[in-house]
Undergrad: 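Pasting in a structure now, in structure tokens, and then I'll have a few things to ask.
Nothing here was measured: the structure is a model prediction, and the numbers come from that model.
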Amino acid sequence: MTPEEVDIEKAQIEAEIKRYEIRAGVWKVALGTALVGIAAAFFPFAQQYATVYFSVKIETMKQQAALDTALREAQLTGTTLNRKFLDSIAEEGRSSNLDERIVLAEYYAYLSDQGEERIRWEGFLKHLYDLREQKRAAVVDAITKATNEKSTATEIAVAQAQARLLVESAASVQSAPYSMSTLDIQSLINLLDDDSDAIRQRAQKALGDRGLVIVRPVMAELRTGSHSKAKRLGLLIALTEMMRKNKSNRRQISSLLTIDDLEVLLEHAIDQNRMVHIHAAEFLYDLGDPEIFNATLALWNDSTTDSGKFNLALVLKGLAPFVPGNKQREFQSKLTSLLGSVGPKTDKLLKDAISLMN
């Protein structure tokens, strides 16, 4: 190659290098500008993303801290509740009420896992069953002494008191093998004033089961008026229970009642005590004795409450079917004069009574 050709080749190479340098500069400027633009556009996004991310992170940490605190509080509360639960079990296990102890022992003897725990609960339950049988036997013995004709008055009084206390403390009163049926009527009436609800209820039922023989002694007690609210209600419940079982004997029951007795029952039918007037009104309704018609009307004018007049209207409806034919028109006329004096429900009872005398 000649020197001239070498110079030409060299010039061409230098020109090519220059073109590459110029091209590289253009790309440098272009890429640099692009990167700056991208960075400028990306920075606010990155800044916002970081703000959101760390806000969520901080909130999550707060929630976790609150949850941990709540869990610790729940654990403390649970410990307190567990302690109260265990205390309640201990209290029931030591209870003087044999019923409560037996229910507790039966529950855990059945639910406990097989093993020593169940064996211990079953042993405790058997002990309670044996104790219950001993109490029941003591009740039967006390009642036997109380009803023994050879016992002195003091022995009978002591035995009756023992029987009352034993009945009250014995378990499963509803299913106990002993019965108050061995006590006389006056003893049952006295138990209507007992402090125990269970004793009063059983005495009420025992009296109601005796039938018509309780009518005169119960009414004699009601007429005295010197008894507690519980006893007064118990006497009326006993009469009502007796009537429910002896509705077909209403004439016989009426024959055992004097007009004074009927007026006492009417007074109770308008009593302020709701349970008292409900039972008194029900008894008189089922009794259906026309002899109390005039007394009922006289009391109607004295009664100041709508509920009292409603109960009297119920009594009138009960006796209406049994009013003699020669008095029906007179009674209908008197009942018609009462219409509109109270309310629609009472009027309906009066209209029913009038229609039953046709």
Side-chain angles (χ1 to χ4, degrees), residues 212 214-227 229 231-233 235-244 246-247 249-343 345-358:
L212 278 61
I214 73 164
V215 174
R216 284 179 175 167
V218 165
M219 287 310 307
E221 192 74 28
L222 270 177
R223 285 197 306 271
T224 64
S226 59
H227 37 66
K229 293 180 180 179
K231 190 170 188 178
R232 179 174 59 151
L233 177 59
L235 292 166
L236 291 167
I237 290 175
L239 279 177
T240 305
E241 289 294 328
M242 181 275 299
M243 175 62 80
R244 288 173 182 171
N246 295 276
K247 289 184 181 181
N249 296 324
R250 65 171 198 82
R251 289 184 179 276
Q252 291 175 262
I253 297 172
S254 290
S255 68
L256 298 171
L257 296 167
T258 66
I259 190 63
D260 290 338
D261 293 333
L262 294 173
E263 289 177 353
V264 167
L265 290 169
L266 279 172
E267 289 286 349
H268 283 88
I270 60 172
D271 194 88
Q272 294 296 320
N273 184 302
R274 181 173 179 273
M275 295 303 296
V276 167
H277 72 232
I278 284 176
H279 285 90
E282 180 185 338
F283 176 82
L284 290 171
Y285 174 83
D286 289 333
L287 184 68
D289 191 340
E291 291 296 323
I292 60 172
F293 183 86
N294 290 326
T296 305
L297 291 187
L299 200 57
W300 178 285
N301 297 324
D302 295 336
S303 177
T304 58
T305 65
D306 290 351
S307 62
K309 290 183 178 179
F310 178 87
N311 289 334
L312 294 177
L314 182 66
V315 173
L316 291 168
K317 178 180 176 179
L319 65 83
F322 309 105
V323 173
N326 61 344
K327 292 187 176 182
Q328 287 183 355
R329 287 188 178 277
E330 175 192 350
F331 285 7
Q332 285 176 328
S333 176
K334 290 180 178 180
L335 293 184
T336 301
S337 67
L338 301 178
L339 292 173
S341 61
V342 186
K345 291 184 178 180
T346 303
D347 275 357
K348 185 179 185 308
L349 290 176
L350 293 173
K351 290 176 182 178
D352 290 343
I354 291 169
S355 65
L356 288 171
M357 286 187 279
N358 287 329

Undergrad: Rounded to the nearest 0.5 Å, how far apart are CG of Leu349 and CG of Asn311?
TA: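 Between atom CG of Leu349 and atom CG of Asn311 there are 9.5 Å.
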Undergrad: Tell me every residue that passes ring pair (Phe, Tyr, Trp, His ring centres under 6.0 Å) with Phe331, counting only those two or more places apart in sequence or in another chain.
TA: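 Applying ring pair (Phe, Tyr, Trp, His ring centres under 6.0 Å) to Phe331 gives Phe293.
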Undergrad: Could you please spell out the steps behind the side-chain contact (heavy atoms from CB on, under 4.5 Å) verdict for Leu236 and Leu222?
TA: CA-CA 9 Å; Leu236 291 167; Leu222 270 177; 3.9 Å; yes
Undergrad: Under the side-chain hydrogen bond (donor to acceptor under 3.5 Å, both in side chains) rule, what pairs show up with a residue in residues 214-223, not counting sequence neighbours?
TA: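 Residue pairs with at least one partner in residues 214-223: Glu221-Lys231, Arg223-Asp261.
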Undergrad: How far apart are the C-alpha atoms of Leu350 and Val342, what are their side-chain angles, what is the distance that settles it, and do they pass the side-chain contact (heavy atoms from CB on, under 4.5 Å) test?
TA: CA-CA 11 Å; Leu350 293 173; Val342 186; over 6 Å; no
Undergrad: List the atom of Ala320, the atom of Ala353, and the distance in Å for their closest heavy-atom pair.
TA: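 In terms of heavy atoms, the two residues are closest at CB-O, 3.4 Å.
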Undergrad: Just verifying a value: how many Å separate Ile270 CD1 and Leu299 CG, rounded to the nearest 0.5 Å?
TA: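 Reported to 0.5 Å precision, the distance equals 3.5 Å.
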Undergrad: Going by ring pair (Phe, Tyr, Trp, His ring centres under 6.0 Å), name the pairs with one or both residues in residues 255-282, residues two or more places apart or in two chains.
TA: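 For residues 255-282: none.
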Undergrad: Testing the basics here: between Leu314 and Ala281, what is the closest heavy-atom pair and its distance to 0.1 Å?
TA: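 Looking at all heavy atoms of both residues, the closest pair is CD2-CB, 4.2 Å.
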Undergrad: Closest heavy-atom contact between Ala313 and Thr346?
TA: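 Closest pair (atom of Ala313, atom of Thr346, distance): CB-CG2, 3.8 Å.
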Undergrad: Tell me every residue that passes salt bridge (charged side-chain N to carboxylate O under 4.0 Å, His left out) with Glu330, counting only those two or more places apart in sequence or in another chain.
TA: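 Glu330 satisfies salt bridge (charged side-chain N to carboxylate O under 4.0 Å, His left out) with Lys334 once adjacent residues are dropped.
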Undergrad: Taking atom CD of Gln332 and atom OG of Ser355, what is their separation to the nearest 0.5 Å?
TA: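 Here the rounded value is 9.0 Å.
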Undergrad: Return the minimal non-hydrogen interatomic distance between Asn246 and Ile253, and the atom names on each side.
TA: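 Closest approach of Asn246 to Ile253: O-CD1, 4.0 Å.
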Undergrad: Any side-chain to backbone donor/acceptor pair from Ser333 onto Arg329? Under 3.5 Å, distance only.
TA: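 No; judged by distance alone, with no hydrogens or angles, the pair does not exist.
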Undergrad: Not counting sequence neighbours, list each pair that qualifies as a salt bridge (charged side-chain N to carboxylate O under 4.0 Å, His left out) and has a residue in residues 275-290.
TA: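 Qualifying pairs: Arg244-Glu282, Lys247-Asp286.
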Undergrad: Heavy atoms only: give me the nearest Thr296-Val315 pair and the separation to one decimal.
TA: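 Shortest heavy-atom contact: OG1-CG1, 4.3 Å.
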Undergrad: Return the set of residues passing ring pair (Phe, Tyr, Trp, His ring centres under 6.0 Å) with Tyr285 (not counting sequence neighbours), or none when no residue passes.
TA: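 Applying ring pair (Phe, Tyr, Trp, His ring centres under 6.0 Å) to Tyr285 gives none.
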Undergrad: On a heavy-atom basis, which atom in Leu257 and which in Met219 lie closest, and how many Å separate them?
TA: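 Residues Leu257 and Met219, closest heavy atoms: CD2-CG, 3.5 Å.
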Undergrad: Measure the spacing between CG of Leu266 and CD1 of Ile292 and express it to the nearest 0.5 Å.
TA: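 Leu266 atom CG to Ile292 atom CD1 measures 4.5 Å (nearest 0.5 Å).
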Undergrad: Could you please spell out the steps behind the side-chain contact (heavy atoms from CB on, under 4.5 Å) verdict for Leu338 and Lys309?
TA: CA-CA 10 Å; Leu338 301 178; Lys309 290 183 178 179; over 6 Å; no
